[in-house]
Amino acid sequence: MRNISREEMDIQKEYIDKIYNMQDKSKIKRAFVETYGCAQNNSDSERLKGMLESMGYEMCDNTEDADIILFNTCAVRENAELKVFGNIGALKHLKRRKPSVIIGVCGCMMQQQHISDTIKTKYTHVDIVFGTHALYRFPEILYRALTDNRVFDTENEDGAIFEGIPYKRNDPPVANIPIMYGCNNFCTYCIVPYVRGRERSRSVENIINEVKEVASLGYKEVMLLGQNVNSYGNYFDEKVSFAELLREVCKVDGIERIRFMTSHPKDISDELIDVIAEEKKVCKQLHLPIQAGSDRILKSMNRSYTKEKYLNIINKVKTKIPNISLSTDIIVGFPGETNEDFEETIKVLKEVEYDLVFSFIYSKRVGTPAAVMDDVLSDEEKHRNFDRLLEVQNEISKKKNDAYFGRTEKILVEGVSKTNPDFMSGRTDSGKIVNFPGDTSLTGKFVDVKITETKTWSLCGEMI
Ligand code: SAH
Ligand code: SF4
Ligand code: F3S
């Protein structure tokens, strides 16, 4: 694992200054950044925006006004990739009308050779292409594009840790804090280890300093991010467990809620379950992806646990933390999955009764072991199973939400509701979205809300 040195980061800071000094200060320069994929990518975009702001760009929310357009892409499923190609293709006319606009594509998709080759040859209006490993080199890449020609920086180098990049976070109260990068698990369907590199953890000191910094800026909640947070610190000379890190984060004054994502069942420890149970600040919420209920499929996915082992963990969690809210990820139609295998997944959903399930139809990823495995079910059958899963789960999610009816919940208000401008939106400790009548002065505050209506995906209430 490589740490990018201070000297290397200083070189990038010099490029930031060079671009800043190049700008005609009488004109506002604008940047449009669009993010696909997971929370990790969102966090990377916060850094891209931070660098852009330091270079003198203002953020804008449409491509027409922008002097630079960046797509931070996701490679996890084919539909995410198709959307990106569609959106880049649509910019051909804009580039013809306004040749000075810089169009950049970065992130996980660009870490795949066949994709960056396609952009190079077929999307010649794209000026910049760089992968996840080159994120910290963005200032240099942009400088070269502004002063010279197209830049492709997509080498498959070892993943590194870079500290000290400026951030432009979303407004308080919730701050995303990456605690580790990459993944070593190589689930057979998944592209993430190939595009994000080997697992590496940030130091406790750097994480705690960042948590303290966001606390001083008025953030009340932190979301700790990693593809597999349970193996945090595994490769340190002096091992620190994720549970120990959580206890340290709890000590930071001003931070009142702590969430984290994602946990891998194979690495979840009793120590972690105890910390969730004991620490008031750690939210009573656990996202624990099972992916499938059939042991045969779990083995073929290289998930390293059986259904029984998974359910034992869930039972332990439920016993120690009775008010825990549980969620999971499911893949439907993994190669070789039969209808009998799929029934095992349905059984798990019925037994666990998750609050929320994120389900996906299997998508073939070039270069992963599952891409060459044979299918048993037709696309039609996979879709039928997928629909059935949604139906089963929607009923369970609604039932779980119904249990909140009449309760008074402490809500951290995040902002205006996405569905109704007269409503504010926030979350319960368990992570449920609650909408209620209120005004923007409440943003960032804790309020007590009585739940008066329950839906499948959210709750409604009134402030008391
Ligand atoms: N590191 C996390 C999740 C990473 S990707 C974890 O291990 O839980 C988020 C989810 O996308 C995965 O949990 C999985 O359910 C889904 N996913 C990953 N690769 C996929 C593929 N090829 N097709 C369909 N879904 C996939
Ligand atoms: Fe992908 Fe598995 Fe790693 Fe999650 S744990 S990112 S699903 S390889
Ligand atoms: Fe997608 Fe990359 Fe995240 S592939 S899910 S954006 S790590």
Side-chain angles (χ1 to χ4, degrees), residues 34-46 48 71-84 105-112 115 131-133 135 159 176 178-200 224-232 234 260-268 286-293 297-298 300-305 310 326-335 337 345 354 356-373 375 379 382-383 385-386 389:
E34 182 145 290
T35 313
Y36 302 82
C38 65
Q40 188 66 66
N41 244 25
N42 257 320
S43 165
D44 284 356
S45 285
E46 290 182 349
L48 289 165
F71 292 108
N72 191 9
T73 64
C74 169
V76 84
R77 282 172 291 275
E78 193 184 17
N79 51 10
E81 295 195 335
L82 293 176
K83 216 185 284 169
V84 168
V105 194
C106 61
C108 293
M109 264 173 88
M110 299 306 117
Q111 214 57 64
Q112 304 171 97
I115 301 269
T132 56
H133 298 314
L135 183 85
N176 295 314
I179 63 165
M180 59 202 298
Y181 305 101
C183 182
N184 283 358
N185 289 320
F186 291 96
C187 304
T188 53
Y189 50 82
C190 184
I191 197 72
V192 172
Y194 304 88
V195 296
R196 285 274 172 185
R198 293 294 61 72
E199 180 182 302
R200 51 217 186 263
L224 306 178
L225 299 175
Q227 293 299 345
N228 179 15
V229 291
N230 308 130
S231 57
Y232 173 83
N234 269 0
F260 54 86
M261 240 183 9
T262 297
S263 297
H264 193 303
K266 83 178 163 60
D267 295 313
I268 198 157
L286 184 64
H287 182 61
L288 197 62
I290 184 169
Q291 311 296 357
I297 295 300
L298 285 171
S300 175
M301 287 176 161
N302 189 30
R303 288 292 287 181
S304 326
Y305 52 83
Y310 180 92
L326 293 167
S327 57
T328 201
D329 290 351
I330 301 280
I331 295 179
V332 176
F334 182 79
E337 186 178 68
T345 302
Y354 296 100
L356 214 52
V357 170
F358 301 90
S359 47
F360 313 97
I361 291 191
Y362 169 74
S363 168
K364 196 180 270 198
R365 304 289 68 210
V366 175
T368 60
V372 292
M373 295 180 188
D375 267 337
D379 282 354
K382 289 181 180 185
H383 278 93
N385 286 344
F386 184 77
L389 184 144

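Counting starts at 1 for both ligands and their atoms, in listed order. Numbering of residues begins at 1 and proceeds along the displayed sequence.
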* Residues Asp44 and Arg196 bridged, charged N to O under 4.0 Å -> yes
* Hey, is the main chain of Ser300 close enough, under 3.5 Å, to the side chain of Thr188 for a donor-acceptor pair? -> yes
* Asked: What class does the angle between the rings of Tyr362 and Phe334 fall in, given that below 30° is parallel, 30 to 60° is tilted and above 60° is perpendicular?
  -> perpendicular
* Ignoring hydrogens and geometry, is there a side-chain-to-backbone donor-acceptor pair from Arg365 to Ala371 under 3.5 Å? -> no
* **Atom indices of ligand 3 within 4.0 angstrom of Gln227 heavy atoms, with elements** => 7 (S)
* Asked: Can you name the ring pair (Phe, Tyr, Trp, His ring centres under 6.0 Å) partners of Tyr232, sequence neighbours left out?
  -> Phe236
* Examine the side chains of His287 and Thr262 and answer whether a donor and an acceptor come within less than 3.5 Å of each other. => no
* Looking just at side-chain N and O atoms, do Lys266 and Asn230 make a donor-acceptor pair shorter than 3.5 Å? -> no
Tabulation required: pairs of a nitrogen or oxygen in ligand 1 and a protein nitrogen or oxygen under 3.5 Å; columns are atom names and distance to 0.1 Å; otherwise 'none'.
unit_1   : atom_1 : unit_2 : atom_2 : d
ligand 1 : 1 (N)  : Gln227 : O      : 2.8
ligand 1 : 1 (N)  : Gln227 : OE1    : 2.8
ligand 1 : 11 (O) : Arg77  : NH1    : 3.0
ligand 1 : 13 (O) : Gln291 : NE2    : 2.8
ligand 1 : 13 (O) : Asp329 : OD2    : 2.6
ligand 1 : 15 (O) : Gln291 : OE1    : 2.7
ligand 1 : 17 (N) : Arg77  : NH1    : 3.4
ligand 1 : 22 (N) : Tyr189 : O      : 3.0
ligand 1 : 22 (N) : Ser363 : O      : 2.8
ligand 1 : 23 (N) : Ser363 : N      : 2.9
ligand 1 : 25 (N) : Arg77  : NH1    : 3.3

* Asked: Any side-chain donor-acceptor pair under 3.5 Å between Asn228 and Ser231?
  -> yes
* If you measure only the distance, is there a donor-acceptor pair under 3.5 Å linking the side chains of Thr73 and Glu81? -> no
* To do: May I ask you to decide if the ring planes of Tyr354 and Tyr310 are parallel, tilted or perpendicular, using 30° and 60° as cut-offs?
  => tilted
* Shell of protein N/O/S atoms around atom 2 (Fe) of ligand 3, taken as anything under 2.8 Å -> Cys108 SG
* Would you kindly say whether Gln227 and Tyr181 are connected by a side-chain donor-acceptor distance under 3.5 Å? => no
* Asked: How about Asn72 and Ser45: does a side-chain donor come under 3.5 Å of a side-chain acceptor?
  -> yes
* **Close residues, ligand 2: non-hydrogen atom nearer than 4.0 Å** => Cys183, Asn185, Phe186, Cys187, Tyr189, Cys190, Val192, Pro193, Gln227, His264, Arg303
* Any luck finding a side-chain donor-acceptor pair between Thr132 and Gln111 under 3.5 Å? -> yes
